[in-house]
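Each chain gets a letter, A, B and so on, in the order the sequences are listed, and its residues count up from 1.
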There are 2 protein chains.
Amino acid sequence: MNIKEIARRAGVSSATISRVLNNSGYVKEETRQKVLKAVDEYNYVPSAIARSLSIQDSLSVGTIIPDIENEFFSKVISGISEVAESYHYNIVFLGTNETLEKEHDFLKIVESQRLKGVIITPISETDTVTRDYLLRLEESGIPVVLVDRDVKGAQFDGVFVDNQRGSYDGVMALIKAGHERIAIITGPETSKPGKDRCQGYLQAMEDSGLSVPEEYVACGDFKIAKAYECTGRLLGLKEPPTAIFTSNNLSTLGCLKYLTEHKIKIGRDVSLMGFDDIDALRMIDYRISVVDRDAREQGREAMRLLQECFEDSGKSRQRGKRITIPYKVILRGSEHRKTT
Amino acid sequence: MNIKEIARRAGVSSATISRVLNNSGYVKEETRQKVLKAVDEYNYVPSAIARSLSIQDSLSVGTIIPDIENEFFSKVISGISEVAESYHYNIVFLGTNETLEKEHDFLKIVESQRLKGVIITPISETDTVTRDYLLRLEESGIPVVLVDRDVKGAQFDGVFVDNQRGSYDGVMALIKAGHERIAIITGPETSKPGKDRCQGYLQAMEDSGLSVPEEYVACGDFKIAKAYECTGRLLGLKEPPTAIFTSNNLSTLGCLKYLTEHKIKIGRDVSLMGFDDIDALRMIDYRISVVDRDAREQGREAMRLLQECFEDSGKSRQRGKRITIPYKVILRGSEHRKTT
DNA sequence: TTGAAAGCGCTAACAA
DNA sequence: TTGTTAGCGCTTTCAA
């Protein structure tokens, strides 16, 4: 059933069908009813594809995210889709699994599908392929909004958090709790938040006159397995840290896994502070102190920003609407050493 | 840049461009090179929209899921997208938040976007609007695959788990551990898995000659808040249960939240068995026994099934390819009462 | 081996 | 207030 068919059945022209369905132009009420009746009777649903081709616009926005299984990102998507729905956009979901190659492929898909815009958490800060692709997209009229991770050498719109200050404050809390030997499990070197969180850590240490032995900076990758490994290495040092700062939720989990398996007690043997909260642990009041922020809101803001881009598209878009959402240091006790 | 433009620049016709880009028909190697060069030079990316309209087919599949923030579903999506990628399909993600209205809206989107197929976890077993819509989609050549939740009055393809036997076995484990007063926090009445898991519970109780006081069946909705509330009600009974069976992961978390806040100890005060595992708790070896299955694999199977539908579409599709994936009862001790 | 042209289902300018 | 028609950017048949 297409527009011509339905027009025939309703005894009008396809233009009239179009007018009725899009509330555009003048249509006599009587004709309108006739059309609506036919549409209903034959269950006619117009082809969004044909419409897109005709008006050169679409209702789909791309969402490129590293790891949907990470609760941080599932909340981000949740926020994005909440706002997207209110504008009747639908979401084309693309998960990169932290693979650059996939990221590049997906950017091509955004272009070939002529998506209306794209929200992306790019894997690497420095990858120029992604950056150039994003620039091209913007140039060809497809707005780009970054979420959480920034890109070097270009000023895209985006929703970020002050990672450096966040982890600075987090590490400071460890220091105030009396720790001097504090280690970090970092994120991947290429990720902006990873680097910034590490910077915040280093700054806090420096500002407090604490030294950071090279081995205290354990290179993680924001994933459980690596963090597990790092924790083992850190605690195996001749002079192990008394506290560990983990750079994201999965690093925290990996660290906890190690501690648990080796019967190392938080508070007694080692203290902990993580970036990003872990919902399930909160349910059982398993008290890990964290630097937290509202991931859902971050997603919502990203979609709102994208919408603004759509609205501004006529005017001379001023680039670089960058939002920073607040973070909060939540102290639950894991930063203390129990001095029993 | 469209196909005509690029054809002009390459000095050939648009038909030739199409042939080269789709590896269809004969093209002299020399011309091919010329075309590829131009395509590369001008960064030409053909419009998937125009292509879709022309060939009356698309590369997008719809995924309608209740709650992306539930780790079960984020794993399902992860599995779906893993397989989808291997076929170069992209995923249009639609999250219903367990709202029927949204589910219906999204089914309309599937139709209007002329998606190639749809994978859905329908909210309700009995909602006829959704059922009829799904039937219509199939009729109009858009295959449907169900994930986890079935629909009454139609035999759609799908990937399920034997919920009844699963919870039967789970509850049996509680019984073997010596419990006689066992309560359940159910799922919503309209959900098939919810009902089946409840059936399994009832069956296990009956087969063991145990009575089920009406108040022991606490009506949950697969969400944390309600399960929290139910737990309170159950434990407030004059004759409270000694064990609780929770019908999904969020119910388990809600229950745990209540227990934790009220300093009720698992094992000492009450025993527990849940449906679906919770990753974060496993990291810290917080031992809750569960009936578990591979959510990721369930997603993969769903997408594989959908692909089969695509392949069969020419032949007389035999309906009702229904896959049942295995479950496993994982005993971690929370089913026991510590008789210290 | 290539090109011309019709057609996919819709929108919108123009005419009536 | 309505209809005719020329696109939108591709694919594919048919002819050359």
**Q.** Under-4.0 Å salt bridge between A:Glu98 and A:Lys223
**A.** no

(Q) A:Glu30: which residues meet the side chain to side chain donor-acceptor pair (under 3.5 Å) condition with it, sequence neighbours left out? (A) none

**Q.** salt bridge (Lys or Arg N to Asp or Glu O under 4.0 Å) pairs, two or more places apart, involving residues 295-305 of chain B
**A.** A:Glu69-B:Arg296, B:Glu82-B:Arg300, B:Glu297-B:Arg300, B:Glu297-B:Arg304, B:Glu301-B:Arg304

Q. Is the shortest distance from a Lys or Arg side-chain nitrogen in A:Asp150 or A:Arg131 to a carboxylate oxygen in the other one below 4.0 Å?
A. no

Q: Would you kindly give the CD-to-P distance between B:Glu29 and C:dT2, to the nearest whole Å?
A: 10 Å

Q) How would nucleotides 10-16 of chain D be written as a contact map, 5' to 3', with B for base contact, S for sugar-phosphate-only contact and - for no contact, using protein heavy atoms under 4.0 Å? A) BBBB---

Q) Quick one: on DNA chain C, does B:Leu53 or B:Arg32 contact a more 5' nucleotide (nearest heavy atom)? A) B:Arg32

Q) Of all residues at least two apart in sequence or in a different chain, which pass the side chain to side chain donor-acceptor pair (under 3.5 Å) check with B:Asp148? A) B:Arg293, B:Gln298

(Q) Can you measure A:Glu30 atom CD to D:dT2 atom C1' for me and round it to whole angstrom units? (A) 13 Å

Q: Would you indicate what B:Ser52 reaches in the nucleic acid, counting non-hydrogen atoms under 4.0 angstrom: base, sugar-phosphate, or nothing?
A: nothing

Q: Check whether any side-chain N or O of A:Gln56 sits under 4.0 Å from OP1 or OP2 of D:dG9, and answer yes or no.
A: yes

Q) At how many degrees, to 10°, do the end axes of the helix from C:dT1-D:dA16 to C:dA16-D:dT1 meet when each uses five pairs? A) 40°

Q) Rounded to whole angstroms, how far apart are CG on A:Asp57 and P on C:dA12? A) 11 Å

Q.
Show me the pairs that pass ring-ring contact (aromatic ring centres under 6.0 Å, His included) and involve residues 88-117 of chain B, at least two apart or across chains.
A. B:Tyr87-B:Tyr89, B:Tyr89-B:Phe310

Q: Using a strict 4.0 Å threshold on nitrogen-to-oxygen distance, state whether B:Glu111 and B:Lys108 make a salt bridge.
A: no

Q: Would you kindly give the CD-to-P distance between B:Gln113 and C:dC10, to the nearest whole Å?
A: 13 Å

Q) Less than 4.0 Å between a side-chain N and a carboxylate O, is that true for A:Asp157 and A:Arg322? A) no

